[in-house]
> 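Please read through the structure below; I'll follow up with questions.
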Amino acid sequence: MLSVPIETQIMFAGILFFLGLVGVLVRRNLVFMLMSIEVMFNSAGLVFIIAARHWNQPDGQVMFIFILAVTAVEVAIGLALILQIYHHYKTLDVDAINKLKDNK
Amino acid sequence: METFIALIPAIPLFSFLILALFGKKLSRKVAGFIGAGSVGVVALLTLIVAAEFFKSLPGIKSYSVVLWEWINAGNLKVNIAFRLDALSLVFAFVVTFVGFLIHLYSIGFMAKDEGFTRFFAYMNLFVASMLILVLADNILLMYLGWEGVGLCSYLLIGFWYKVPANGYAARKAFIITRIGDTAMIIGIFILFLNFGTFNIQEMMQLASENWVAGSSVAVLTAALLLGGALGKSAQLPLQTWLPDAMAGPSPVSALIHAATMVTAGVYLVARTHVLFSLAPIVQSAIAVIGALTLLIAGFSALTQHDLKRILAYSTISQIGYMFLALGVGAWSAAVFHFMIHAFFKALLFLGAGIVILVLHEEHDIFKMGGLRKKMPVVFITFLIGAASLSALPLITAGFYSKDEILWYAFSSPKGSLLLWIAGIVGAFLTALYSFRMIFITFYGKAKTEPAFKAGKLMTVPLMVLAVLSLIGGFVEMPDSFGNIHPFSDLIENTLPAIVLKAGASQELLFQLLSAIIALTGIYLAYLLYFKKSAFAESFSQTWIYKFFYKGWGFDKLYDSLFVKPIVWLAEIDKNDFIDWWSIGLSRLTLFVNRLISPTQNGKLRWYLMSFVIGIALILTYMIYK
């Protein structure tokens with residue numbers, strides 16, 4: 001089995017996380033922002049898997065299943081909100097949805 | 001018996017709670033029934049209690065009932081406890097009986113008012129507080145009732161609160177009586193510090209044993225308690241609130257500002273009479289204050305245009321008589337005049353209420369006139385009330401009560417010729433202004449048409465009170481005429497009897513004089529205001545008339561003496577260092593707010609970016625620490 005050093009593995013997870021973060025910051029469409037958040041979640045999950053394999057402990061895999069469940073819930077709520085926002089504003093542009101600001 | 005005594009204040013309190021909590025759900029009929037009915041039940045209970053009380057006389061002179069412990073902290077022990085003796089019985093009788101008649105009248109009077117249940121809730125609370133005041137066993141519970149009636153007076157003067165002037169009058173009444181009450185509570189504290197109890201009987205007992213007559217502590221305490229009495233009873237120098245208190249509905253003026261609450265001062269002085277006997281200077285001051293007040297208010301009543309203000313000044317003047325009687329030690333005469341005054345003054349206010357109501361809220365007597373034929377029942381009862389007020393000899397109750405005071409003002413050891421002269425001049429003024437009111441309001445040409453006829457609910461209480469104003473006096477007839485006095489016999493179970501000074505025996509002569517004075521006053525009123533003499537017209541143009549009309553300028557005096565300096569002081573003190581501090585604090589907050597609020601721009605990605613920068617900074621710090 002091909003053995004990849006752990007530093008490379010974590011670096012890979014870090015790149016994934018950074019890509020997700022950039023996606024959240026630069027995308028203006030709410031759906032894409034949600035997707036980018038998923039990427040960030042997955043990179044965090046990946047670190048758990050890497051750690052589990054490194055120390056031969058199953059806890060990290062348990063944690064990953066846990067994260068999976070949480071992201072599923074988060075996506076459900078996030079999509080429901082996005083649907084409502086679309087109904088209300090007829091757009092998904094996050095810069096257009098800025099009613100929560102100081103009225104000065 | 002004990003249960004009944006406890007129920008007397010409890011029932012109106014209970015019906016107040018019902019009306020206050022569920023008032024919105026009750027129909028007017030039910031609310032009126034509860035409001036008036038509860039006071040009716042209490043009036044009945046008082047009669048039963050009175051019957052029991054008379055049966056046990058002279059063996060048992062007072063009944064006490066302890067309900068529960070109110071305050072218990074170290075030395076401070078106060079009970080919710082009631083005590084019924086002859087004095088509180090008379091007051092409770094007047095409060096419940098006259099109160100019931102006024103409640104009945106109010107059902108008719110307030111029928112179209114939007115605040116109907118609110119009115120009855122306040123009125124019931126008032127009756128409950130007043131009964132607590134007169135039945136309280138200790139002075140602290142009495143003070144509770146005392147402040148309770150003050151609160152109700154405030155609420156009911158400002159009952160029609162949509163007119164700003166009414167709210168102003170209510171605040172004025174509240175603040176001025178509060179000046180007296182502050183003095184009174186200090187007096188109560190002095191009593192407690194000295195005797196370690198709030199129980200009135202024990203206090204009086206200890207005071208008479210431990211304090212020397214005329215000692216400075218006795219004089220100080222009596223003077224402080226007198227302050228409370230002066231404020232509540234609208235006597236000099238705290239009398240200015242009562243004429244303005246007429247802003248309330250007429251039944252309120254009848255019940256609170258004529259029959260019961262304003263006489264609470266009389267009750268307080270009579271209840272703590274031991275103290276005042278220990279402070280002869282203060283007691284003489286009471287007589288002088290009473291005499292001055294009755295003259296000042298009498299002259300003012302003579303010049304008023306507003307029907308209710310005439311009656312208000314007349315009330316101040318009549319309470320002046322009661323204070324005069326208290327001051328010369330004629331305790332029973334003061335209580336007697338209180339009772340008779342409650343009858344005829346309630347009658348006059350209720351009659352005035354009908355007149356004002358059917359003439360579309362017209363208060364000015366010079367715009368009335370000719371009402372004699374239009375409303376005969378009101379006219380006849382009002383005439384009886386005015387006759388009783390002006391002490392028409394022999395047939396009216398007012399004659400017997402006022403004549404007794406006048407006689408004692410001269411013949412008591414504390415009395416003097418000067419006090420008697422003040423009283424007799426006051427009696428002359430009373431007759432004059434009473435019949436000026438009658439002649440201008442009910443005779444002459446009709447100037448305003450009555451809108452409707454008053455119903456039975458409003459006229460029957462008038463008739464009952466008119467009968468009482470006539471026959472009420474026969475429970476106490478002077479030695480020279482009739483010589484029957486069950487009333488003073490009753491009162492003397494609680495308060496000491498008066499001792500005449502030696503050589504005072506010409507009572508009949510004094511009575512004849514006061515009778516002649518009253519009749520002269522009425523005749524002069526007939527000449528001036530029925531025959532319309534030119535003098536009455538020209539007199540109303542003089543400066544002295546205007547001086548009397550303004551209530552001897554007391555309002556203006558207090559305004560420039562107290563109100564204006566305080567307002568001025570507040571004006572120049574707007575920028576002291578405490579203000580700098582608080583203003584600086586608010587400025588700082590505003591500055592920081594302006595600084596930070598632009599960051600809340602509503603852009604989600606902006607927020608996220610600041611998160612990321614923040615996390616990056618924290619991580620950097622943690623790694624390179």
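Lettering of chains follows the sequences in order, A, B, ..., and the numbering in each one begins at 1.
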> Counting only non-hydrogen atoms closer than 4.5 Å, does L21(A) touch chain B with its backbone (N, CA, C, O), its side chain (CB onward), both, or neither?
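Side chain of L21(A) only, per the 4.5 Å heavy-atom cut-off to chain B.
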> If you tally heavy-atom pairs under 4.5 Å against chain B, which of L25(A), V24(A), I97(A) wins?
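Option with the greatest count: L25(A).
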> Assess whether a salt bridge exists between R309(B) and D244(B), defined as any Lys/Arg side-chain N lying under 4.0 Å from an Asp/Glu carboxylate O.
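Judged by the 4.0 Å cut-off on N to carboxylate O distance, R309(B) and D244(B) do form a salt bridge.
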> One thing to verify: whether E114(B) and K162(B) come together as a salt bridge, which I'm taking to mean a side-chain N less than 4.0 angstrom from a carboxylate O.
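A salt bridge is present here (some side-chain N lies under 4.0 Å from a carboxylate O).
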> Using a strict 4.0 Å threshold on nitrogen-to-oxygen distance, state whether K556(B) and D559(B) make a salt bridge.
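Here K556(B) does not pair with D559(B) in a salt bridge, since their nearest N and O are not under 4.0 Å apart.
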> Salt bridge check, E147(B) against K232(B): does any charged N sit closer than 4.0 Å to a carboxylate O?
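Looking at K232(B) and E147(B), the cut-off is not met.
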> Please classify the contact between F611(B) and chain A as side chain, backbone, both or neither, with a heavy-atom cut-off of under 4.5 Å.
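Neither part.
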